[in-house]
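Step one of this worksheet: look at the structure below.
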Amino acid sequence: MLSCKQYVARSSDHMDRQLSVRERLQMRHHLLFCPNCRRFIRQMRLMSATLKALPEPLPTNLDATVERMLSEQSRQR
Ligand SMILES: [Zn+2]
């Protein structure tokens with residue numbers, strides 16, 4: 001079994017669909033029982049979706065923009 005730390009380290013690979021089917025199943029199984037990793041990966045996904053949704057060119061007040069987008073998204077949930 002992998003530790004939480006190892007799952008978290010793989011979480012970006014997971015998002016990129018780089019893992020084998022077996023690894024993906026292990027990850028899903030772990031996430032089922034581990035709220036900590038679940039929360040972390042949800043935040044990672046939210047963050048990368050937010051970054052993709054940012055306008056080009058990037059606004060100068062990037063931190064404030066990302067923060068506002070994240071708070072808007074979490075309100076919708
Ligand atoms: Zn975990």
Side-chain angles (χ1 to χ4, degrees):
M1 278 302 266
L2 296 171
S3 70
C4 284
K5 214 170 150 184
Q6 287 170 303
Y7 277 107
V8 163
R10 283 163 174 239
S11 58
S12 60
D13 291 335
H14 179 62
M15 286 189 293
D16 291 334
R17 304 282 185 264
Q18 303 267 309
L19 297 180
S20 68
V21 173
R22 188 191 151 92
E23 285 173 320
R24 242 181 285 169
L25 285 176
Q26 281 180 337
M27 175 87 103
R28 198 177 297 175
H29 189 257
H30 178 82
L31 292 180
L32 215 55
F33 295 101
C34 184
N36 289 335
C37 285
R38 232 169 23 227
R39 187 167 355 121
F40 181 83
I41 287 175
R42 199 175 56 220
Q43 282 170 352
M44 291 266 292
R45 287 204 180 127
L46 202 61
M47 196 60 181
S48 82
T50 302
L51 289 178
K52 272 181 208 150
L54 282 174
E56 296 272 0
L58 291 176
T60 46
N61 57 340
L62 185 58
D63 286 347
T65 305
V66 168
E67 236 165 72
R68 202 186 59 234
M69 289 173 84
L70 285 176
S71 73
E72 279 169 10
Q73 282 176 354
S74 59
R75 261 207 306 277
Q76 286 167 9
R77 256 147 242 263

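As a basis for the values below, the full set of heavy atoms in this structure was taken, side chains included, without hydrogen atoms, waters or symmetry mates.
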Seminar exercise, completed: So the ring-ring contact (aromatic ring centres under 6.0 Å, His included) pairs with at least one residue in residues 46-69 (sequence neighbours excluded) are none

Problem set entry | L19-L25 co-clustered via ILVMFWY side chain contacts under 4.5 Å | no

Exercise. What pairs with C34 under side-chain contact (heavy atoms from CB on, under 4.5 Å), at least two apart in sequence or on another chain?
Worked result: C4, H30, N36, C37

Exercise. Does some side-chain heavy atom of L70 sit less than 4.5 Å from a side-chain heavy atom of Q43?
Worked result: no

Exercise. Does any pair with a residue in residues 32-58 pass ring-ring contact (aromatic ring centres under 6.0 Å, His included), and if so which ones, sequence neighbours excluded?
Worked result: H29-F33

For this session: Can you measure from OH (Y7) to CZ (R28) and round to the nearest 0.5 angstrom?
Result: 12.5 Å

For this session: To the nearest 0.5 angstrom, please state how far the CE atom of M47 sits from the CD1 atom of I41.
Result: 16.0 Å

Exercise. Out of curiosity, M27 CE to R24 CZ, how far, rounded to the nearest 0.5 Å?
Worked result: 10.0 Å

Exercise. R38: what forms a salt bridge (charged side-chain N to carboxylate O under 4.0 Å, His left out) with it, not counting sequence neighbours?
Worked result: none

With a 3.5 Å cut-off and sequence neighbours excluded, list the donor-acceptor pairs that the side chains of residues 50-60 form with protein atoms.
{"from": "T50", "atom 1": "OG1", "to": "L46", "atom 2": "O", "distance (Å)": "2.6"}
{"from": "T50", "atom 1": "OG1", "to": "Q73", "atom 2": "OE1", "distance (Å)": "3.3"}

Exercise. Are there more than 12 heavy atoms of other residues, nucleotides or ligands under 6.0 Å from atom CG of D63?
Worked result: no

